[in-house]
Amino acid sequence: MRILVVEDEKKVLSFIKRGLEEEQYEVITAGDGEEGLKMAMEKNYDLLILDWMLPKMDGLSVLKELKSQKNTTPVLMLTAKDSVEDIVAGLDSGSDDYLTKPFAFAELLARVRALLRRSEQDRGAEIRFADLRLDPVTHKVWRKDKEIDLTAKEYGLLEYFMRNPHEVLTRTMIAEHVWDYTFDSFTNIIDVYVNYLRKKIDRDADKKLIHTVRGVGYILKEED
């Protein structure tokens, strides 16, 4: 699970990052609202932990902008503001949960787990692209009515493609999201796995769906 933490207090940021990493989460950080918004829009995250009082752009403004752009990443708002009016304002702006400072890490962790569980349930609906279907609950995949047998990594790779159709996915993006690891730029393991997947998905189909973007990466789209 990848979590973006936007917090300008360095001690608080370090405390959250260290604690979440000890729980085996991948944690990416930003120190102000503008940077946090840019990072949240450029990559996919499973959860955003967002401080309210941030330099350059406050957390509420970041949240409103994300929602206006149809960003569906669940958001946990952190703030010293604890009035009923403040809590209502945060929730009405699109925050999924609200935690006031100071807080115990155990409570933060419990809220993180609850939001991630809820997010997983929300993502349980079947995903479709062209005549390709993927069930996130059973991890089954079909092309038309034919079920396709995939390994765990092939499934993870295909799900990433299907959640980001028509978007060019670089090898680095694929490595970080599917493997949670930054591969050396010369490593060809991404190409190997894409070829495995392509053979299973496209080999007997009239229309090819997985395409190479030369020098960049891959894209899921219907043939022009």
Side-chain angles (χ1 to χ4, degrees), residues 1-125 127 136-137 156 159-160 163-164 167 173 176-178 180 182:
M1 292 288 186
R2 175 185 289 179
I3 300 175
L4 173 62
V5 182
V6 187
E7 168 64 67
D8 65 314
E9 295 183 49
K10 292 183 178 180
K11 288 185 177 180
V12 175
L13 183 61
S14 177
F15 166 68
I16 295 173
K17 178 178 170 64
R18 183 174 65 252
L20 290 176
E21 287 179 338
E22 287 175 355
E23 296 294 324
Q24 305 305 310
Y25 294 109
E26 180 185 358
V27 181
I28 296 87
T29 64
D32 64 69
E34 287 185 358
E35 181 187 19
L37 176 61
K38 183 174 183 290
M39 293 174 68
M41 294 301 297
E42 287 181 346
K43 288 191 175 183
N44 294 320
Y45 297 92
D46 297 291
L47 178 65
L48 170 60
I49 298 177
L50 180 65
D51 186 40
W52 186 318
M53 303 300 290
L54 292 167
K56 297 186 179 181
M57 187 176 189
D58 66 84
L60 211 59
S61 298
V62 171
L63 184 57
K64 290 177 179 178
E65 181 62 24
L66 286 173
K67 297 307 176 183
S68 73
Q69 297 297 322
K70 310 300 183 186
N71 188 298
T72 59
T73 305
V75 178
L76 171 60
M77 183 76 82
L78 301 180
T79 182
K81 295 175 176 285
D82 58 0
S83 72
V84 173
E85 292 78 12
D86 290 328
I87 295 173
V88 170
L91 294 174
D92 282 351
S93 296
S95 174
D96 297 274
D97 201 357
Y98 195 100
L99 185 59
T100 57
K101 298 178 179 179
F103 54 83
F105 182 76
E107 182 178 4
L108 172 70
L109 187 58
R111 291 174 183 268
V112 165
R113 287 170 173 161
L115 286 174
L116 290 173
R117 282 197 302 270
R118 188 190 311 168
S119 179
E120 285 295 320
Q121 291 168 357
D122 291 342
R123 291 201 293 263
I127 306 170
V137 176
E159 183 177 17
Y160 187 41
R163 291 194 185 278
N164 299 276
E167 179 180 343
M173 291 166 65
E176 290 178 348
H177 193 91
V178 180
D180 294 325
T182 302

task: Quick one: sort the Phe15 and Phe103 rings into parallel, tilted or perpendicular, breaks at 30° and 60°.
output: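 Rings of Phe15 and Phe103: tilted, as their planes differ by 30° to 60°.
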Roughly how far, to the nearest 0.5 Å, is [atom2] of [Y] from [atom1] of [X]?
| X | Y | atom1 | atom2 | answer |
| --- | --- | --- | --- | --- |
| Glu26 | Arg2 | CD | CZ | 4.5 Å |
| Leu108 | Leu78 | CG | CG | 6.5 Å |
| Asp96 | Leu48 | CG | CG | 9.5 Å |
| Leu13 | Asp8 | CG | CG | 9.0 Å |
| Leu47 | Tyr25 | CG | OH | 8.5 Å |
| Ile127 | Glu159 | CD1 | CD | 5.0 Å |

Beyond-backbone contact of [X] with [Y], side-chain heavy atoms, under 4.5 angstrom:
| X | Y | result |
| --- | --- | --- |
| Ile49 | Glu7 | no |
| Val5 | Lys17 | no |
| Leu66 | Met41 | yes |
| Leu4 | Ile28 | yes |
| Tyr98 | Thr79 | yes |
| Val27 | Arg18 | no |
| Val6 | Met39 | no |
| Asn44 | Tyr160 | yes |

Looking at every non-hydrogen atom in both residues, tell me the closest pair between [X] and [Y] and how far apart they are.
| X | Y | result |
| --- | --- | --- |
| Pro55 | Gly31 | CG-O, 3.8 Å |
| Val75 | Ser95 | O-OG, 3.5 Å |
| Trp52 | Leu60 | CZ2-CD2, 3.6 Å |
| Glu34 | Met57 | N-CB, 3.8 Å |
| Lys67 | Asn71 | NZ-O, 3.6 Å |

Just wondering, are more than 12 heavy atoms of other shown residues or ligands nearer than 6.0 Å to [atom1] in [X]?
| X | atom1 | result |
| --- | --- | --- |
| Lys64 | NZ | no |
| Met53 | CE | no |
| Lys38 | NZ | no |

query: Under 3.5 Å, side chain of Asp51 to main-chain N/O of Leu54, donor-acceptor pair present?
result: no
- prompt: Residues in side chain to side chain donor-acceptor pair (under 3.5 Å) with Glu167, at least two apart?
  reply: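 Expected list: none.
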